[in-house]
2 protein chains.
Amino acid sequence: MSCADEYTPQLRARGYRMTPQRLAILHTLHHSGGHLSPTEVYEKALTQLPSLTETTVYRTLEFLAENGLAHPAHMGSGHLVYEIAHHEHHHLKCRVCGAELEVNHTLLKSLYRQLELASGYRLTDSHLTFFGLCPTCQKGEN
Amino acid sequence: MSCADEYTPQLRARGYRMTPQRLAILHTLHHSGGHLSPTEVYEKALTQLPSLTETTVYRTLEFLAENGLAHPAHMGSGHLVYEIAHHEHHHLKCRVCGAELEVNHTLLKSLYRQLELASGYRLTDSHLTFFGLCPTCQKGEN
DNA sequence: TCAGTTATTGTAAAAAGTTGCAATAAGGAA
DNA sequence: TTCCTTATTGCAACTTTTTACAATAACTGA
Ligand SMILES: [Mn+2]
Ligand SMILES: [Mn+2]
Ligand SMILES: [Zn+2]
Ligand SMILES: [Zn+2]
């Protein structure tokens with residue numbers, strides 16, 4: 001199944017249009033898998049669509065996030081990165097060496113339920129980053 | 001107790017210097033209480049120290065965060081905001097109307113323990129933002 | 001109190017991200 | 001297929017954030 005086949009209906013269903021720019025960006029996110037900065041997305045997608053502009057990349061990434069096709073993340077660089085929406089997960093990252101671990105959302109399910117009960121809010125986002133020290137970097141401490 | 005008396009020893013203990021710039025920024029964070037953007041910090045602190053520059057504000061906020069005197073937060077604007085470090089807490093924010101609720105860290109204690117056990121990491125940060133829909137904005141949905 | 005060391009700041013330039021607006025083109029209807 | 005509407009893009013200007021490097025000034029030790 002091509003990216004076009006997969007994502008075009010999702011946009012149409014919400015009343016939006018598929019464009020070569022959106023497709024190139026979705027394709028880039030889809031096939032790289034991980035978290036990409038807007039600049040990385042721009043550079044990769046450019047090989048597919050040389051007319052693409054950075055402005056469009058920023059706007060499109062925000063658009064895809066608002067519509068659930070991409071997930072934004074703060075990984076500690078201070079800059080937003082994006083990844084294609086697939087399964088619900090979170091991240092655990094070492095402040096010292098940068099080592100990352102994926103955290104299954106099932107581990108947070110009961111916390112989410114508890115927060116919803118206590119607040120009346122309905123929680124919508126499931127893509128957090130927890131920061132800490134990995135086992136290796138803990139040893140290096142005094 | 002003045003800001004100087006309170007924060008100077010904390011910096012010295014870590015081998016850093018207190019400067020008028022750092023003091024003005026700490027004073028600003030301390031007395032405004034909430035989350036401030038770098039620009040807001042700059043504008044407020046400027047009344048105390050007119051020679052302050054924006055570059056220094058960015059650098060100092062990052063420095064204070066690294067050293068535990070300020071806590072950075074992502075509140076959904078895409079831009080980092082900072083607050084003076086006081087008690088451990090998290091935030092719950094409505095995606096639609098922006099309403100905010102503070103979440104006591106005690107609610108997350110058992111999750112943190114669980115994550116530490118499962119991963120071997122030691123979690124260091126306690127200032128997350130959860131996003132969702134507040135009770136009022138849930139009604140407005142279809 | 002003074003001099004030396006070096007952490008910290010300001011400056012200027014670059015990089016990253018945002019905005020307004022006119023031109024373009026996707027998709028629905030004829 | 002062709003036309004029409006308007007969502008989407010590109011451009012240019014602007015704002016925000018980062019970086020390199022030389023000048024400054026906070027603290028240490030004499
Ligand atoms: Mn992720
Ligand atoms: Mn807070
Ligand atoms: Zn590590
Ligand atoms: Zn709301």
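What you see is a predicted model, and the numbers here were worked out from it, not measured in a lab. Every chain is numbered from 1 and lettered A, B, ... according to where its sequence line falls, protein lines coming before strand lines.
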>> Check the orientation of A:Phe63 and A:Tyr16. Use parallel for under 30°, tilted for 30 to 60°, and perpendicular for over 60°.
In response: perpendicular
>> Tell me whether the rings of B:His27 and B:His31 are parallel (<30°), tilted (30 to 60°) or perpendicular (>60°).
In response: tilted
> Pick one: which of B:Met18, B:Arg22, B:Arg17 meets side chain to side chain contact (heavy atoms under 4.5 Å, CB included) with B:Thr8?
Replying inline: B:Met18
>> On DNA chain C, compare the nucleotides closest to B:Ser51 and A:Glu62; which residue's is nearer the 5' end?
In response: B:Ser51
> Start at the 5' end of DNA chain C and walk down; is the nucleotide closest to B:Thr56 or to B:Gly15 reached first?
Replying inline: B:Gly15
> Given axes from five pairs at either end, by how many degrees does the helix from C:dT1-D:dA30 to C:dA30-D:dT1 bend, rounded to 10°?
Replying inline: 30°
>> Is it the case that the side chain of A:Gln48 and the backbone of A:Leu23 share a donor-acceptor pair, with hydrogens and angles ignored and the cut-off at 3.5 Å?
In response: no
> Does any donor atom in the side chain of A:Glu100 or A:His35 lie under 3.5 Å from an acceptor atom in the other side chain?
Replying inline: no
How far does [atom1] of [X] sit from [atom2] of [Y], to the nearest 0.5 angstrom?
| X | Y | atom1 | atom2 | answer |
| --- | --- | --- | --- | --- |
| A:Thr60 | A:Tyr82 | OG1 | OH | 10.5 Å |
| B:Leu69 | B:Ile25 | CG | CD1 | 12.0 Å |
| B:Thr56 | B:Gln21 | OG1 | CD | 6.0 Å |

> Quick one: are B:Leu29 and B:Leu61 in side-chain contact, heavy atoms under 4.5 Å?
Replying inline: yes
>> At 4.0 Å (heavy atoms only), tell me whether A:Ser37 reaches a base, stays on the sugar-phosphate, or touches nothing.
In response: nothing
>> So that I know where these two stand, are B:His127 and B:His91 an aromatic pair - ring centroids less than 6.0 Å apart?
In response: yes
> Under 6.0 Å between the ring centres of A:Tyr121 and B:Phe130?
Replying inline: no
>> Counting only side-chain nitrogens and oxygens, does A:His79 get under 4.0 Å of the OP1 or OP2 atom of D:dT18?
In response: yes
> Whole Å only: how far is the CG atom of A:Leu49 from the C1' atom of D:dT8?
Replying inline: 13 Å
> How many Å lie between CG on A:Leu64 and C1' on D:dT8, as a whole number?
Replying inline: 13 Å
>> With heavy atoms of chain A within less than 4.0 Å as the criterion, where does contact along DNA chain C begin and end?
In response: C:dA16 to C:dG27
>> Does the protein touch nucleotides 21-30 of chain D at the base, only the backbone, or not at all? Give it as B, S and - per nucleotide, heavy atoms under 4.0 Å.
In response: ----BBS---
>> Which is more 5' along DNA chain D, the nucleotide nearest A:Ser77 or the one nearest A:Phe63? Just name the residue.
In response: A:Phe63
